[in-house]
Amino acid sequence: MSLKDKHAIVGAATTRFGKVPGVSALAFTVEAAQLALADAGLAKDSVDAVLCKYPPSGFQGLWAHKVSEALGIQPKIAATIDQAGATNIGLVQYAMMAIEAGLIETAVCCYGDNPLSGPPGTYSKPRGPEGAYGMFGAPSGYAMIAQRHMEEFGTTSEQLGHVAVSTRAWASKNPNAHKRDPMTIADHQASRYVAEPLHLLDCCLVSDGGAAVVVTSVERAKDLNKPPVYIMGIGQHHIAWDLPQRPTLTTSGAKISGEMAFNMAGVGPQDVDVCELYDCFTVVPMITLEDYGFCEKGEGGAFVENGTTGPGGSIPMNTSGGLLSESGMAGMQLIVEAVRQLRGEGGERQVDDPEIALVSGQGGIMHSHATMILRN
Amino acid sequence: MTTQYQKPTPEINDENRAFWEGCRQGELRVQKCSNCGHIRHLSPACPQCLKAEHEWVAASGRGTVYSWIVVHQRYNRAFEEDLPYNVTIVELDEGPRMVTSLVDVENQDIKAGTPVEVVFDRVTEEITLPKFKRIG
């Protein structure tokens with residue numbers, strides 16, 4: 001049984017991004033869900049599943065149930081999933097499965113958080129016993145991965161910088177992006193080290209905001225507000241193990257989840273018109289491009305040089321500015337951007353007539369990965 | 001010890017007590033699965049055969065640098081005077097890798113594959129941290 005082309009994203013929305021004081025994670029989540037439902041032209045009463053990624057700023061049990069209450073919905077399925085940054089694609093996949101099984105018809109997948117204005121220190125906690133040695137925060141973990149990539153393949157900090165610079169060039173065309181100032185390789189190199197080899201400008205933003213999508217069957221999608229965006233392929237893979245015991249630090253779950261998604265969709269990297277690849281740190285989309293097969297393993301550094309992924313490049317990537325420049329929130333906004341590109345709603349940053357978009361999500365320190373392929 | 005040790009210390013529990021006791025005694029211990037012989041580092045069950053039964057055996061204390069970082073950001077006040085400092089993943093000769101740090105080395109001289117051996121840093125009465133230094 002293939003799920004190819006049986007489900008569609010019919011509503012997609014983002015809230016304001018950046019530093020937005022006075023708005024709770026719950027309020028962002030509800031705002032995003034409301035906007036996505038309005039985008040679809042669906043009343044909230046037609047939603048029978050509420051699927052959420054919990055906000056890392058403050059974990060609360062029964063989070064999706066709180067969101068459902070705030071939305072005034074008593075759904076058939078309410079679930080909070082923890083796959084970190086891979087969760088939001090996971091939510092879409094679980095929605096597809098529940099729709100296919102006949103359990104529900106329409107799901108809202110929503111996420112919001114306020115890590116910038118809300119509780120401090122969310123992303124800099126010690127990682128277990130490693131804190132005894134001074135290893136804290138996500139940048140330290142991804143710096144271990146970047147160092148290993150440099151060791152094995154000769155990747156350079158400047159090559160990582162090209163990811164940041166290309167992404168910022170896209171963000172400068174997005175009025176809602178958190179960071180829009182132009183960036184050069186020199187700016188990247190001059191930015192302070194957080195955890196060497198990663199500079200500050202290798203690291204994603206910390207941003208307040210929310211985003212949501214509405215998923216339904218292609219039959220239900222036919223008579224809604226906007227043309228459906230069809231889900232061609234989807235997959236997950238979880239490296240799962242913590243950094244030290246992982247067999248390799250330089251191949252991610254993108255390899256297998258990408259194979260699953262591409263096989264389901266019946267397309268390959270050469271067919272992709274626009275990529276929205278999870279970029280919590282610059283090294284991540286580089287490894288993801290390798291694992292998806294856009295280039296050979298180890299050649300990601302050379303691949304991203306000279307604007308390949310920036311405006312006018314051969315592989316437009318992270319066209320709204322990604323986590324590095326649009327919003328540091330955990331990936332739902334990348335799905336929304338893919339939908340907008342396929343609908344032609346990209347404004348100044350619109351890619352020419354894209355037909356197929358590739359989206360990735362990745363969580364933890366490369367612990368989890370999810371891939372989704374969309375078409376118009 | 002005249003001043004209180006301010007850095008975070010590992011929490012000792014029934015599963016890891018023998019490891020930390022070994023460090024106190026100057027012995028780096030790993031878990032050897034009683035069923036299949038697989039060597040592991042601080043894991044409740046054997047990831048190969050899933051049996052919990054194991055014995056603690058002394059490792060050689062030797063390994064090589066697998067990856068490392070140099071932390072520049074102050075995440076924790078207690079590490080402030082160490083900045084910038086290394087955190088290193090060492091692959092033990094017996095197989096398991098562990099997060100640790102290298103001593104007696106300049107940050108710019110750290111290289112992957114460098115042979116290292118364990119040294120013990122007694123930081124509190126209860127906790128002695130295994131760290132590594134370059135061999136030769």
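The basis for the numbers below is simple: all heavy atoms, side chains too, and nothing from hydrogens, waters or symmetry mates. Computed from a prediction, not measured in an experiment: that's the story for all the values here. Naming: A, B, ... by sequence-line order, numbering from 1 per chain.
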**OP:** Show your working on side-chain contact (heavy atoms from CB on, under 4.5 Å) between A:Met183 and A:Thr167 and close with a plain yes or no.
**Re:** CA-CA 9 Å; A:Met183 186 199 300; A:Thr167 308; over 6 Å; no

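- With no hydrogens or angles considered, a side-chain donor-acceptor pair links A:Thr371 and A:Tyr292 at under 3.5 Å.
- The residue among B:His41, B:Lys111, B:Arg97 with the most heavy atom pairs within less than 4.5 Å of chain A is B:Arg97.
- Ion pairing of A:Asp291 with A:Lys297 is present here, as a side-chain N (NZ or NE/NH1/NH2) and a carboxylate O approach within less than 4.0 Å.
- Proximity to chain A (any heavy atom under 4.5 Å) is shown, for B:Ser43, by neither the backbone nor the side chain.
- B:Asp121 has a carboxylate O that lies under 4.0 Å from a charged side-chain N of B:Lys131, or vice versa, which qualifies the two as a salt bridge.
- Only the side chain of A:Arg192 comes within less than 4.5 Å of a heavy atom of chain B; its backbone N, CA, C and O stay farther away.
- Salt bridge status for B:Arg24 with B:Glu27: absent, with no side-chain N to carboxylate O gap under 4.0 Å.
- No other option in B:Pro130, B:Gly95, B:Gly113 has as many heavy-atom pairs under 4.5 Å with chain A as B:Pro130.
- With a 6.0 Å cutoff to the six-membered ring centre and a 45° limit on the axis angle, B:Lys7 counts as a cation-pi contact of B:Phe79.
- Chain A forms more heavy-atom pairs under 4.5 Å with one residue of B:Ile127, B:Val71, B:Thr9 than with any other, namely B:Val71.
- The candidate with the highest count of non-hydrogen atom pairs below 4.5 Å against chain A, out of B:Asn76, B:Asp82, B:Thr100, is B:Thr100.
- Contacts of A:Glu151 with chain B are made by side-chain atoms alone, with heavy-atom separations under 4.5 Å and no backbone atom involved.
- Of all the listed residues (B:Ser101, B:Pro10, B:Pro84, B:Ala78), the one sharing the greatest number of non-hydrogen pairs under 4.5 Å with chain A is B:Ser101.
- Heavy atoms closer than 4.5 Å to chain B are found nowhere in A:Leu200, neither backbone nor side chain.
- Between B:Tyr75 and A:Phe136, the angle of the ring planes lies from 30° to 60°, which puts this pair in the tilted group.
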